[in-house]
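Order of the sequence lines sets the chain letters (A, B, ...), proteins ahead of strands, with each chain counted from 1.
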Amino acid sequence: MDKPINKNFITNIIDNDNTTNKFSGRVHTRFPPEPNGYLHIGHAKSICLNFEIAQLYNGKCNLRFDDTNPEKENIEYIESIKDDIEWLGYKWDSLHFASDYFKNLYEYAIKLINDGYAYIDSSTPDEIKQQRGTLTEPGINSKDRDRSIKDNLQIFEAMKNGEYKDGEYVLRLKIDMASPNINMRDPVIYRIKKYKHHRTGNDWCIYPMYDFTHCISDAMENITHSLCTLEFEDHRVLYDWIIDKIDHDNHPQQIEFSRLSLEHNLMSKRKLNELIEKNYVLGWDDPRMPTISGMRRRGYTSNSIKDFCNRIGITKKNSSIEMGVLENTIREELNISSKRIMGVLEPIKIVITNYPENENENIIVVNNPNNLNDGERSISISREIYIDKNDFMEFPEKKYYRLSPNKEVRLRHAFNITCNKIIKDEKGEITKLECTYDPISRDMSKGNKVKGMIHWVDVNNCVNATVNIYDRLFNDSNPLTLENFNKNSLIIKNNAKLEYNINLNDPNSRYQFERVGYFFQDKNSSSDNIIYNKIVSLKDSWGKNKS
RNA sequence: UGGGCCGUCGCCAAGAGGUUAAGGCAUCGGGUUUUGAUCCCGACAUCGUAGGUUCGAUUCCUACCGGCCCAGCCA
């Protein structure tokens, strides 16, 4: 997707800012993740927005880790986030950590104390909660609200020096306990937390909170447009209040847009982590996960993810995107870019009784009928082949036009066969089919016209593989808990037979297994355990009508 | 019930006083095609409701209705 980002209400705001010269024509965004989990497709929406906007306006986009809560954050997450952004194909203009600003933040806090805009509170968390009031009732002032500036300064410094225990004191802004906006009721901006930080070690035992940190970090980085999700709308007045009170000359504009939600998925780092902890999935990069790393492992391309983000748009409306939009995006790309091969997921053996033994023939076929530049390959067929179990029905339902007893069907790229005999084991399971082929039908124009065409693989010229078939993570379109987990979200086909032309040494190539779907080699695939993951099915208007 | 937002086709989403109310996904027809795929053609909304302003409103105003967010020393 090299086309530019679609215009949206945010680009409209920027266009307007540019005409009024609000930021002298500058556009500088940032993507500010907290390193407390892996990035998911919802983050991709934000990443694309921020980076694409910077690109569109010849501006800049920073990557800044919002690492103000050492208890939840770690280096593994930082590395994975950088890795995912790079994989998406974006380059940040500069890399920052909120923790780099701890000193500045501390100094700004002192300024606010000096100016009478912040005070030290010794209230307990419970007292603070009580005094905050409710949605409909105003809060009441803390007993410490009028502590002297001198005392505030002295205690704040002692807090920093580690002289108090966790929770003993906090620094709060002095705004308005009666504000209808609860965020303005003297928010806590510093807490004591004697916890080793992944970057600053034990340098600090007080840590600034989001509301105080984020706006100042934006201002310091010269950000112009601070894009965030809807739940921060109520925080914008506080954001503006702080920038005004510290009197910073760069006052970024916070603009909120709605989060992405994808049907049949969860988009909460906490719950995704729970899926891992409770062994519903194998890890952050499990191909079923809506994480960037999971989708990458499954076989989604970075372009398809960017294209998807562009298609869904940016608004302030809460919305939920159907899986079909995502699936169609990757299908559209892969239809053009991926070579076709044949692959049988659940094999049934067919013996073509009138085909000579110990012989085989090679057939030249195009790699991608929708992209002839992909060239041709040679496939092999002989007396014994495999076809997929669901391409045969002993008692065919109406309009089933694949293989069934005494019916003729065409083998893709080869010739027509007719099923003459079903061979079953003692349990009644079909083990083999005996068919005859019509030599004349090698020439399509000469054989019988048949409606059905199925894929197959030569028994003597194929590779064994395990194929993972994925389905939606949750059955419910809007899962709220893990209870609705789809137990069939992973079905392992461990006896698949793939056409020998598949290039096992090229882990980056994606294939269409004809009539089935698009597949990608799993990262754990090896020469003695070949594993492919289904990225997405082909559309199937027949199967769909049945279920 | 305080405050902040949102409401255009099944799902997204343009449009901002006069438009045939874009486009994508989905769906339904039909045509190519021996991948039930792709591709191509066609069908598919009067804009949450009710009033008002106006020659004229999805676009402005008012009131309702419906939905989301906020009472962490999380972000």
Step through it carefully: locate the ring centre of [X], locate the ring centre of [Y], and say whether they are under 6.0 Å apart.
| X | Y | value |
| --- | --- | --- |
| A:Tyr207 | A:Phe102 | yes |
| A:Phe156 | A:Tyr190 | yes |
| A:His214 | A:Tyr210 | yes |

Where each residue is assigned the nucleotide of RNA chain B containing its nearest heavy atom, which of A:Asn368 and A:Asn8 is assigned the position nearer the 5′ end?
-> A:Asn8
With RNA chain B as reference, determine whether A:Gly447 or A:Ser320 sits nearer its 5' end, using the nearest nucleotide of each.
-> A:Ser320
[M] and [N], which share atom name [atom1], separated by this distance in whole Å:
| N | M | atom1 | result |
| --- | --- | --- | --- |
| B:A57 | B:G15 | C1' | 13 Å |
| B:G7 | B:U59 | P | 12 Å |
| B:G72 | B:C64 | P | 30 Å |
| B:C74 | B:A50 | C1' | 43 Å |
| B:U54 | B:C40 | C1' | 46 Å |
| B:G17 | B:A75 | C1' | 42 Å |
| B:U33 | B:C41 | C1' | 15 Å |
| B:G3 | B:C9 | P | 29 Å |

Checking side chain to side chain contact (heavy atoms under 4.5 Å, CB included) against A:Glu34, which of A:Asn69, A:Ile81, A:Asp67 comes through?
-> A:Asn69
With rounding to the nearest 0.5 Å, note down the distance linking CD1 in A:Ile13 to CG in A:Asn8.
-> 9.0 Å
Give [X] one of three labels, base, sugar-phosphate or nothing, depending on what nucleic acid heavy atoms sit under 4.0 Å from its own.
| X | result |
| --- | --- |
| A:Asn370 | base |
| A:Arg402 | base |
| A:Arg412 | base |
| A:Pro369 | base |
| A:Leu171 | nothing |

Can you tell me if A:Ser404 uses its side chain to pair, donor with acceptor, with the backbone of A:Lys407 under 3.5 Å?
-> no
Do A:Arg331 and B:U38 share a donor-acceptor pair, side chain to base, under 3.5 Å?
-> no
Check: A:Glu137 side chain, B:G2 base, donor-acceptor under 3.5 Å | no
With both distances kept under 3.5 Å, what pairs with [N], Watson-Crick or G-U wobble?
| N | answer |
| --- | --- |
| B:C5 | B:G67 |
| B:U19 | none |
| B:A14 | none |
| B:U46 | none |
| B:C60 | B:G52 |
| B:C74 | none |

Can you identify which nucleotide, out of [options], has its nearest atom closest to the [X] side chain?
| X | options | answer |
| --- | --- | --- |
| A:Leu538 | B:C11, B:U35, B:U38 | B:U35 |
| A:Lys316 | B:C6, B:G15, B:U35 | B:C6 |
| A:Glu233 | B:A13, B:G4, B:U35 | B:G4 |
| A:Lys317 | B:U1, B:A13, B:G24 | B:A13 |
| A:Thr315 | B:C12, B:A13, B:G36 | B:A13 |
| A:Arg236 | B:C5, B:G36, B:A14 | B:C5 |

Protein-nucleotide distance ([X], atom [atom1]; [N], atom [atom2]), rounded to Å:
| X | N | atom1 | atom2 | answer |
| --- | --- | --- | --- | --- |
| A:Asn265 | B:C11 | CG | P | 18 Å |
| A:Leu372 | B:C39 | CG | P | 16 Å |
| A:Asn328 | B:U27 | CG | P | 10 Å |
| A:Glu256 | B:C68 | CD | C1' | 14 Å |
| A:Glu263 | B:A26 | CD | P | 13 Å |
| A:Leu262 | B:A26 | CG | C1' | 15 Å |
| A:Arg311 | B:C12 | CZ | C1' | 12 Å |
| A:His455 | B:G36 | NE2 | P | 10 Å |

Do A:Arg199 and A:Phe97 meet the cation-pi criteria used here (NZ or CZ under 6.0 Å from the six-membered ring centre, within 45° of the axis)?
-> yes
Is the base of B:G72 syn or anti, where syn means the angle lies within 90° of 0?
-> syn
Contact under 4.0 Å: A:Lys539 side-chain N or O vs B:G36 OP1/OP2 | no
For B:G3, does either OP1 or OP2 sit under 4.0 Å from a side-chain N or O belonging to A:Ser179?
-> no
Donor + acceptor pair across side chains of A:Glu137, A:Thr134 (<3.5 Å) = yes
Taking atom types as modelled and ignoring hydrogens, do the side chains of A:Tyr239 and A:Gln253 form a donor-acceptor contact shorter than 3.5 angstrom?
-> no
Tell me, with the steps shown, if A:Glu157 and A:Tyr106 meet side chain to side chain donor-acceptor pair (under 3.5 Å).
-> CA-CA 10 Å; A:Glu157 185 176 354; A:Tyr106 178 73; 5.4 Å; no
Encode nucleotides 69-75 of chain B as B, S and - characters from 5' to 3', where the letter depends on protein heavy atoms closer than 4.0 Å: B to the base, S only to sugar-phosphate, - to neither.
-> BBBSBSB
Return the set of residues passing ring-ring contact (aromatic ring centres under 6.0 Å, His included) with A:His96 (not counting sequence neighbours), or none when no residue passes.
-> none
